[in-house]
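If you read the sequence from its start, that first residue is 1, and numbering goes on from there.
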Amino acid sequence: MAVIRRNFGIAACALGCLLTAVSGCASSRGYRVSSPVAGPVDEIAMMSPSQLAQISPRLVKNYQVSPGNLASGIAYAEYLKATGQYQQAETVMQDVVKRNPRSVAAQVYLSQAQAALGHYPDALRSARNAIRLDSGEWRGFNQEGLVLDQLGQPLDARMRYRQALELSPGNPVVLTDMATSYVLTHDLDTAEDYLRQAVSRPDAQPEVRSDLAIVVALKGDRSEAERIATTGVSADQARRNLAALAAAMAPGGAWQQYAADS
């Protein structure tokens with residue numbers, strides 16, 4: 001996952017999948033917005049380059065034909081982020097918000113696009129706009145927490161995650177983001193606790209298991225990490241999880257950066 005972010009040592013490297021929130025590419029993180037071209041828009045970031053190239057012309061056409069359509073705009077912005085076109089993604093989302101001023105989803109996706117560029121004050125403002133539009137929606141609080149973590153304010157960030165969990169108890173996305181917050185401050189035990197809660201949820205994404213495996217490996221138990229990475233997932237997902245774990249623990253990877261940053 002390629003995103004523009006501040007250097008948080010372990011967090012930026014060890015939990016690449018775990019930190020997808022700030023780039024807006026975590027599946028199940030958004031509003032189940034679906035595009036007739038690409039399906040669930042939050043899955044666009046997980047597509048291969050060939051898949052992205054295949055859907056690109058149709059995404060562009062859909063957006064140009066109906067720029068005011070919320071799903072088309074968000075899908076196009078997610079595609080732009082997935083292909084590294086962060087500035088264009090922010091511009092598209094600004095237009096989507098302008099055309100859909102009462103949409104909480106538009107504000108959250110705009111915040112994600114702004115955070116991916118490192119425009120954290122703007123991202124914070126957009127997240128708070130989402131909360132003002134609907135204070136009963138967990139995603140606005142969760143997004144604000146993500147931005148606050150990037151601003152180096154973990155205590156404030158965790159307050160927002162707790163508010164999100166009050167609105168959506170046991171939500172694996174929020175639990176995962178809370179875990180990331182503790183990784184940022186080098187509290188792997190607490191991060192592991194939250195990730196184990198997330199993994200136990202039936203609606204957790206398979207990638208969360210990879211995140212948990214990396215944290216366990218960083219704590220020094222590689223065999224347990226490999227067991228976690230391959231338990232209860234498909235053979236293909238197990239291979240992906242093991243590959244992510246190997247990359248994190250390779251020379252120059254997350255393990256070394258965590259040790260140096262401690």
Taking NZ, NE, NH1 and NH2 as the nitrogens, is one of them in R125 or D122 under 4.0 Å from a carboxylate oxygen of the other?
-> yes

Worked verdict on Y79 versus V92 for side chain to side chain contact (heavy atoms under 4.5 Å, CB included) = CA-CA 11 Å; Y79 161 79; V92 167; over 6 Å; no

Does V147 reach the side chain of L151, with side-chain heavy atoms less than 4.5 Å apart?
-> yes

Checking salt bridge (Lys or Arg N to Asp or Glu O under 4.0 Å) for the pair R222/E226: CA distance, chi angles, key distance, verdict?
-> CA-CA 6 Å; R222 182 66 179 267; E226 291 177 352; 3.5 Å; yes

For E90, the side-chain hydrogen bond (donor to acceptor under 3.5 Å, both in side chains) test, sequence neighbours excluded, returns Q87, H119

Step-by-step side chain to side chain contact (heavy atoms under 4.5 Å, CB included) determination, Y109 to V96 = CA-CA 10 Å; Y109 281 99; V96 171; over 6 Å; no

State, to 0.1 Å, how close R99 and P67 come at their nearest heavy-atom pair, and which atoms those are.
-> CD-O, 3.4 Å

Are Y161 and D149 close enough that a side-chain donor and a side-chain acceptor fall under 3.5 Å?
-> yes

Work out which heavy atom in S111 is nearest to a heavy atom in A123; give both atom names and the distance.
-> OG-O, 2.7 Å

Give, for atom CD of E137 and atom CD of Q143, the distance between the pair rounded to the nearest 0.5 Å.
-> 12.0 Å

Trace of the side chain to side chain contact (heavy atoms under 4.5 Å, CB included) decision for Q114 with S126 = CA-CA 9 Å; Q114 291 165 331; S126 296; 2.8 Å; yes

Following the transitive rule for hydrophobic clusters with a side-chain heavy-atom cut-off under 4.5 Å over Ile, Leu, Val, Met, Phe, Trp and Tyr, establish whether M249 and L212 coincide in one cluster.
-> yes

P172 side chain reached by D203 side chain, heavy atoms, under 4.5 Å | yes

Supply the atom-to-atom distance Y86 OH to L117 CG, rounded to the nearest 0.5 angstrom.
-> 8.5 Å

Closest non-hydrogen atoms of L133 and S103, given as atom of the first, atom of the second and distance, are CD1-O, 3.8 Å

Side chains of T185 and R158, donor plus acceptor under 3.5 Å = yes

Do the side chains of V104 and R139 get nearer than 4.5 Å, heavy atoms only?
-> no

Minimum-distance pair of heavy atoms, taken over all atoms of L59 and A75 | CD2-CB, 3.8 Å

With sequence neighbours excluded, residues passing side-chain hydrogen bond (donor to acceptor under 3.5 Å, both in side chains) with R160 | E144

Establish, from distance only, whether the side-chain atoms of N62 and N69 form a donor-acceptor pair under 3.5 Å.
-> no

Are Y63 and I55 connected, step by step, through hydrophobic side chains (Ile, Leu, Val, Met, Phe, Trp, Tyr) whose heavy atoms are closer than 4.5 Å?
-> yes

Shortest non-hydrogen pair, T190 vs D187, comes out as OG1-OD2, 2.8 Å

To the nearest 0.5 Å, atom OG1 of T230 lies from atom CZ of R240 at 14.0 Å

Taking atom CG of L184 and atom CD of Q150, what is their separation to the nearest 0.5 Å?
-> 9.0 Å

State the CG-OG1 distance between L80 and T91, to the nearest 0.5 angstrom.
-> 9.0 Å

Same cluster or not: are V60 and L70 linked, directly or through other Ile, Leu, Val, Met, Phe, Trp or Tyr residues, by side-chain heavy atoms under 4.5 angstrom apart?
-> yes

Rounded to the nearest 0.5 Å, what separation is found between the CD atom of Q197 and the CG atom of L165?
-> 8.5 Å

Salt-bridge present (D193, R196; N to O < 4.0 Å) | no

Q51 side-chain N/O to S48 backbone N/O, donor-acceptor pair under 3.5 Å = yes

When you check the side-chain N and O atoms of R132 and N129, is any donor under 3.5 Å from an acceptor?
-> yes

Begin with the C-alpha distance, continue with both residues' side-chain angles, and end with the deciding distance and a verdict on side chain to side chain contact (heavy atoms under 4.5 Å, CB included) for R128 and Q107.
-> CA-CA 9 Å; R128 288 172 175 170; Q107 292 286 351; over 6 Å; no

For R239 and D236, what are the C-alpha separation, side-chain angles and deciding distance, and is it a salt bridge (Lys or Arg N to Asp or Glu O under 4.0 Å)?
-> CA-CA 5 Å; R239 284 192 293 271; D236 184 55; 3.5 Å; yes

Does any pair with a residue in residues 194-223 pass ring pair (Phe, Tyr, Trp, His ring centres under 6.0 Å), and if so which ones, sequence neighbours excluded?
-> Y182-Y194

Min side-chain heavy-atom separation R209-Q237 under 4.5 Å | no

Any donor and acceptor pair, going by atom type alone, linking the side chain of S56 with main-chain N or O of L52 inside 3.5 Å?
-> no

Cluster check V233, L175: I/L/V/M/F/W/Y, side chain < 4.5 angstrom | no

Would D221 and K219 pass as an ion pair if we require N to O under 4.0 Å?
-> no

In terms of heavy-atom contacts, P206 and N241 come closest through O-ND2, 3.9 Å

